[in-house]
Amino acid sequence: MITVAPTGAEIRKTDAPALPVTLDELVATARDCEAVGASVIHVHIRDDAADPTLDLGRLKDTVAALRAGSGLIVQLSTGGAVTDPEEDRLRVLEAQPDMASCTMGTVNFGDDVFLNRWAFIVDLHTRMQERGIVPEYEIFDLGQLTALQRLLDKHGLPAGGHVHVDLVMGVPGGMPGTVAALAACESAIRDLPAGTTFSATGIGRSSLPVLLASLAAGGHLRVGMEDTVTYAKGQPVESNAQLVARATGFARLAQRPPMTPADARALLGIADV
Ligand code: KMH
Ligand code: ZN
């Protein structure tokens, strides 16, 4: 399963002109990425000035446009930007995406702090259960997998009954994007409910090592300009589809061809809309 994270909240359009920031750019990106093997899109949106926003009206329009323009599973970020207040992040769920992210703990994030209090995590998890939105638990450090075990023990399985985590590796302040760190996470994931799946993404130059390690460890993949804007040394990423196509190529070489969106829906326990 290949997830594309095309935009994020951190990279500026002026620094990466290929970054999709308008709704038209996002839908075109979704279509292009689906054509080369993506099945899920992890979405952050921007306002008219290309700054990150959690505006509910725009989020609803985005979900509708992505559903009309592509077959991808729509996963909205509840992480937003480090400056976003909790109430805005919770309100994202009102846009009723197929999936939403749920980060499993607070982490230093470069010079900033990505705050995820326990009570906030519980609130996100239970509201997603009530709304039938399937979470992707974002893991920035090993101990956050233990926090997930505690969450599931105390508050039950997510909507759809399947547990899926995404290892976000190489954030300055979180776990490194190394084979050793991925192996440690893979081992800890075995303590989660049977059938738990994981994907992995490496920030910046850890992108390729993490991709290869995840393929080798039986994991799924996330790629995209949220996580890396450099394709190779001195070579900026031209498009998100370029990153997805590379991931698909590696996956095929590893005899693990990409899942279709329908396959991914079945795996993740997402009902058809
Ligand atoms: N932008 C980061 C602060 C998520 O999407 O859930 C948080 C993030 C995680 O990207
Ligand atoms: Zn994100």
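Order of appearance sets the numbers: ligands from 1, and atoms from 1 within every ligand. Remember, it's a predicted structure, so these values are computed and weren't measured experimentally.
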Verdict with reasoning, Asp15 to Arg12, per salt bridge (charged side-chain N to carboxylate O under 4.0 Å, His left out)
CA-CA 5 Å; Asp15 293 332; Arg12 284 193 298 254; 3.3 Å; yes
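- Considering backbone and side-chain N/O of Ser77, one or more are found under 3.5 Å from N/O of ligand 1.
- Counting atoms of ligand 1 from 1 in the listed order, those under 4.0 Å from a heavy atom of Gly79 are 4 (C), 6 (O).
- Judged purely by distance below 3.5 Å, without hydrogens or angles, the side chains of Thr29 and Asp32 never pair a donor atom with an acceptor atom.
- Residue Gly80 has at least one nitrogen or oxygen atom sitting less than 3.5 Å from a nitrogen or oxygen atom of ligand 1, judged on distance alone.
- Within His42, the N/O/S atom positioned nearest the Zn ion (ligand 2) carries the name NE2.
- In this model, no donor atom of one side chain and acceptor atom of the other lie less than 3.5 Å apart for Thr3 and His220.
- The Glu226 neighbourhood of ligand 1 comprises atoms 10 (O), with distances under 4.0 Å to a heavy atom of that residue.
- Note that SG of Cys102 is 11.5 Å distant from CD1 of Ile133, once rounded to the nearest 0.5 Å.
- Taking a cut-off of under 4.0 Å to the non-hydrogen atoms of Ser101, the atoms of ligand 1 that pass are 4 (C), 5 (O), 6 (O).
- Atoms CG and CD, on Leu66 and Gln75 in that order, are 12.0 Å from each other to the nearest 0.5 Å.
- The Zn ion (ligand 2) has an N, O or S atom of Glu226 closer than 2.8 Å.
- Checked against a 3.5 angstrom limit, the closest N/O atoms of Glu10 and ligand 1 fall inside it.
- We find the CG-OG1 distance between Leu115 and Thr103 to be 11.0 Å, quoted to the nearest 0.5 Å.
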